[in-house]
S.K.: 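So that we are looking at the same thing, I have put the structure below in structure tokens.
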There are 2 protein chains.
Amino acid sequence: MPTTDDNRTEDGATGAGALDARKAAILNAVVTEYIGSAQPVGSQHVVDAPGVSVSSATVRSDMAALERDGYLAQPHTSAGRIPTDKGYRFFVDHLGRPGSLDPVGRQQVRQFFDHAHGEIESMLERTSGLLADLTDCTAMVVGPSHESAAIRSVQLVGLGQRLALLVVVLADGAVQKQSVELPDEVDEIRLADAASRLAAHSLGLPITQVGPLVVPTGDPKTDTVVAIAVDALRSLGSAEAVDQLFVGGSSRMAAAFDAVDTVRSVLGILEQQLVVVTLLRDILDTGLSVAIGTEHGVEPLASCAIVVMPVSVDGVEAGTIGLLGPTRMNYPLALAAARVVGDRLGQRLSEPSR
Amino acid sequence: MPTTDDNRTEDGATGAGALDARKAAILNAVVTEYIGSAQPVGSQHVVDAPGVSVSSATVRSDMAALERDGYLAQPHTSAGRIPTDKGYRFFVDHLGRPGSLDPVGRQQVRQFFDHAHGEIESMLERTSGLLADLTDCTAMVVGPSHESAAIRSVQLVGLGQRLALLVVVLADGAVQKQSVELPDEVDEIRLADAASRLAAHSLGLPITQVGPLVVPTGDPKTDTVVAIAVDALRSLGSAEAVDQLFVGGSSRMAAAFDAVDTVRSVLGILEQQLVVVTLLRDILDTGLSVAIGTEHGVEPLASCAIVVMPVSVDGVEAGTIGLLGPTRMNYPLALAAARVVGDRLGQRLSEPSR
DNA sequence: GGTTGGCACTCCACTCTAGTGAGTGCTGAC
DNA sequence: GTCAGCACTCACTAGAGTGGAGTGCCAACC
């Protein structure tokens, strides 16, 4: 750029994205204070920050440079500086010490997992509440995908004249069901017979890999039932097998913004399970753990940041944790909370005894 | 009250809660316009309303009387009138024609239920979205209670070394599960054996009425498994058997209020499943179908109104629909939508084929 | 007696005008 | 490169003035 006089301190110096030590300190101070106060930060507020032992005039000149380089912005002339998305990005990547939960929070987490009980779904639900409490953000928890879990049990339960329920238990403890309509009244014996044939065909396979069944057994009535049940089973695996999403603390979004419109559109996004799950997956796939502002493509969330953390059980990825807040969210805290809770959750899910 | 000169038009005249025909028309006009505009309504805006063929001066005098009687309020002197909770109440009870969905909405409902598919949970979830779309309110749908549904099937599926899953299928198609920890490794045969003893003990009973099992069969190992499983089964019935709640369109609350605080506290309530379910139940139990302002006891919802509608399947109550909006919500529309959707949902759930 | 037009009054919402203060950019000296 | 000093900018606030929507009251009317 021609406006930048002689880029004496910028990128080229010590490597890509590097910043003068003092400029980094100033940026750090601005971001930190802005996260706390949500007010534009002036040069005077920064002089006492560690690593910045210069006068406010010098700070001002550095801030001007930081603004030229896109790390800071001014809401208007003669106002303090606000971090840009790029500024937050630098903060997250190079500044902001690892961060850890405060003792109170750690205590909360410990207590939560010590007393955690119930089935996985309700635990994930409550986990989202815990995360929201810890971080004051909206928390999203995506449950483990059952795509690769093997079928442990298949059962057909008669419910009425011509209605039966297909109940499938997977190795990871998930239960899926699908009601099936039968062409004729079918007695329990035949139903059990069909179920055992179904089991022989599908037991041990992941639900997505159950193939169509062709070989008939002679009894046409049983064959029909089996055929219908196989179809139902396969439809379970193929269709909208969207991972389950739990959103906690969505009310915190209302506190984060004072523009009601923003709140509305953000909440609107949160209502769309598919969008949220895809979004979290996309962010993870790009290898990020934080997406700031417009870095993810979802336009209504432009003033938000998202922290994601995979949850792994015995080494394999089994879910995702997401934290949604304004771009001026407390990144170190959010990252620490996501990490701690993610780890503990992974441990918990891998314990045989729950 | 001494201020009321001679209560010539009030309650006493034609029965409890009755209002002069013209006053009723005026109240009607004020409520209707305020619902639309959210602005205080002046006397001039009312003179053209049907049933009010008098001058604005007369309207003013009537409005003053309505205010004395608590139906209207003024934000400040020299401002128009706003309905009070009592005013809304009168509107809902005596004014506001039955109301019906517009053709577009009716079409939407028809289409929705024609294409409705999938299991009950996902259908209820999507129903909440439909209701929110129709009414621009936040919709709450409480699924049928499984308290009285008889157990159709009980199964124990081994999951790991010492872990099994208890899977219970109820007559209404609901599936509940509970993982159980076993003291020892137990083979499939013994597990099946235990399950069949469990079935003999509980089949046909509602889950809440399964009693403790005492009679031993001689084989101590199987006995232990059965005992553990019975406990698990009973805990399923007793504990937090909270009806499932689906909330749709919570983002609409953000549009309804311009005070972010209100939005926040209302959303906070919506996050508490138990509170919401209890609230809806309480309102139904008092025989109301609309609760306005402080009529229900939940303080953070003081500026909200709730429309409730039971959903009955084959005559028995099987769920609840709730609509939450600001007190100035469109009551006729909300009531109509809740009724129509409730009816169709009830029908849908009673059809054997889904 | 209820209804009405007229009138004085109220008070919000808006505009305009300083005045204030936090903050900036620039400059010349060290 | 750093810094003190200085002029400048501009949001924010308070106060005054104004317009308008709306009211309450009253005397007159049917």
Side-chain angles (χ1 to χ4, degrees), chain A residues 3-10 13 19-27 29-30 33-34 36-49 51-69 71-84 258-259, chain B residues 3-10 13 19-27 29-30 33-34 37-49 51-69 71-84 258:
Chain A
T3 53
T4 340
D5 30 341
D6 62 338
N7 68 339
R8 48 209 182 302
T9 59
E10 291 82 357
L19 228 46
D20 198 306
R22 196 180 59 210
K23 286 209 186 70
I26 292 176
L27 180 55
V30 171
E33 177 161 340
Y34 186 67
S37 70
Q39 296 296 324
V41 181
S43 52
Q44 194 61 45
H45 287 90
V46 166
V47 291
D48 294 329
V52 189
S53 41
V54 290
S55 76
S56 67
T58 311
V59 170
R60 278 201 291 281
S61 117
D62 277 1
M63 280 173 135
L66 284 168
E67 182 169 0
R68 268 198 303 278
D69 294 346
Y71 295 99
L72 295 178
Q74 270 182 306
H76 55 85
T77 22
S78 88
R81 292 327 204 281
I82 284 180
T84 61
D258 35 41
Chain B
T3 54
T4 340
D5 30 341
D6 61 338
N7 70 337
R8 49 208 181 303
T9 58
E10 290 81 359
L19 227 46
D20 197 308
R22 195 179 60 208
K23 287 211 185 67
I26 291 175
L27 179 55
V30 171
E33 177 160 341
Y34 186 68
S37 71
Q39 296 296 324
V41 181
S43 54
Q44 194 62 43
H45 287 89
V46 167
V47 291
D48 294 330
V52 190
S53 40
V54 290
S55 76
S56 68
T58 310
V59 171
R60 279 202 291 281
S61 119
D62 277 3
M63 279 174 137
L66 284 168
E67 182 169 0
R68 269 199 302 278
D69 295 347
Y71 294 100
L72 295 178
Q74 269 182 308
H76 55 85
T77 24
S78 88
R81 293 323 205 283
I82 284 180
T84 60
D258 35 42

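No experiment lies behind these values; they were computed from the predicted model shown.
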S.K.: Can you tell me how far C1' of C:dT24 sits from CD1 of A:I82, to the nearest Å?
M.R.: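 The answer, rounded to whole Å, is 15 Å.
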
S.K.: Generate the contact string for nucleotides 14-28 of chain D. Rules: B means base contact, S means sugar-phosphate contact only, - means no protein heavy atom under 4.0 Å.
M.R.: --------BBB----

S.K.: Please identify each residue that fulfils side chain to side chain contact (heavy atoms under 4.5 Å, CB included) with A:A49, with sequence neighbours left out.
M.R.: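 Expected list: A:A29, A:V52.
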
S.K.: Grab the two heavy atoms, one from B:Y34 and one from B:V41, that are nearest each other, plus how far apart they are.
M.R.: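 Here B:Y34 and B:V41 meet closest at N-CG2, 3.9 Å.
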
S.K.: Give every residue pair that meets the salt bridge (charged side-chain N to carboxylate O under 4.0 Å, His left out) criterion with at least one member in residues 72-81 of chain A, sequence neighbours excluded.
M.R.: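 Only A:E67-A:R81 qualify under salt bridge (charged side-chain N to carboxylate O under 4.0 Å, His left out).
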
S.K.: To the nearest angstrom, how far is B:R22 atom CZ from C:dT4 atom P?
M.R.: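 My rounded result for the distance is 8 Å.
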
S.K.: Separation of A:D20 atom CG from D:dG1 atom P, in whole Å?
M.R.: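 To the nearest whole Å, that distance equals 10 Å.
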
S.K.: Can you name the side chain to side chain contact (heavy atoms under 4.5 Å, CB included) partners of A:S37, sequence neighbours left out?
M.R.: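 Listed in chain order: A:E33, A:Q39.
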
S.K.: Can you tell me the distance, in whole Å, between the CG atom of A:D62 and the P atom of C:dG25?
M.R.: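 A:D62 atom CG is separated from C:dG25 atom P by 12 Å.
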
S.K.: Let's see if you can work this out: which of C:dC11, D:dC3, C:dT4 has an atom nearest to the side-chain heavy atoms of B:H76?
M.R.: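 Minimum distance to the B:H76 side chain belongs to C:dC11.
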
S.K.: Under the rule for side chain to side chain donor-acceptor pair (under 3.5 Å), what residues qualify as partners of B:S53, not counting sequence neighbours?
M.R.: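 Here no residue qualifies.
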
S.K.: Test of understanding: with side chain to side chain contact (heavy atoms under 4.5 Å, CB included), list the residues that count as partners of B:S56, not counting sequence neighbours.
M.R.: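 Scan of B:S56 (side chain to side chain contact (heavy atoms under 4.5 Å, CB included), adjacent residues dropped) gives B:S43, B:Q44, B:V47, B:R60.
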
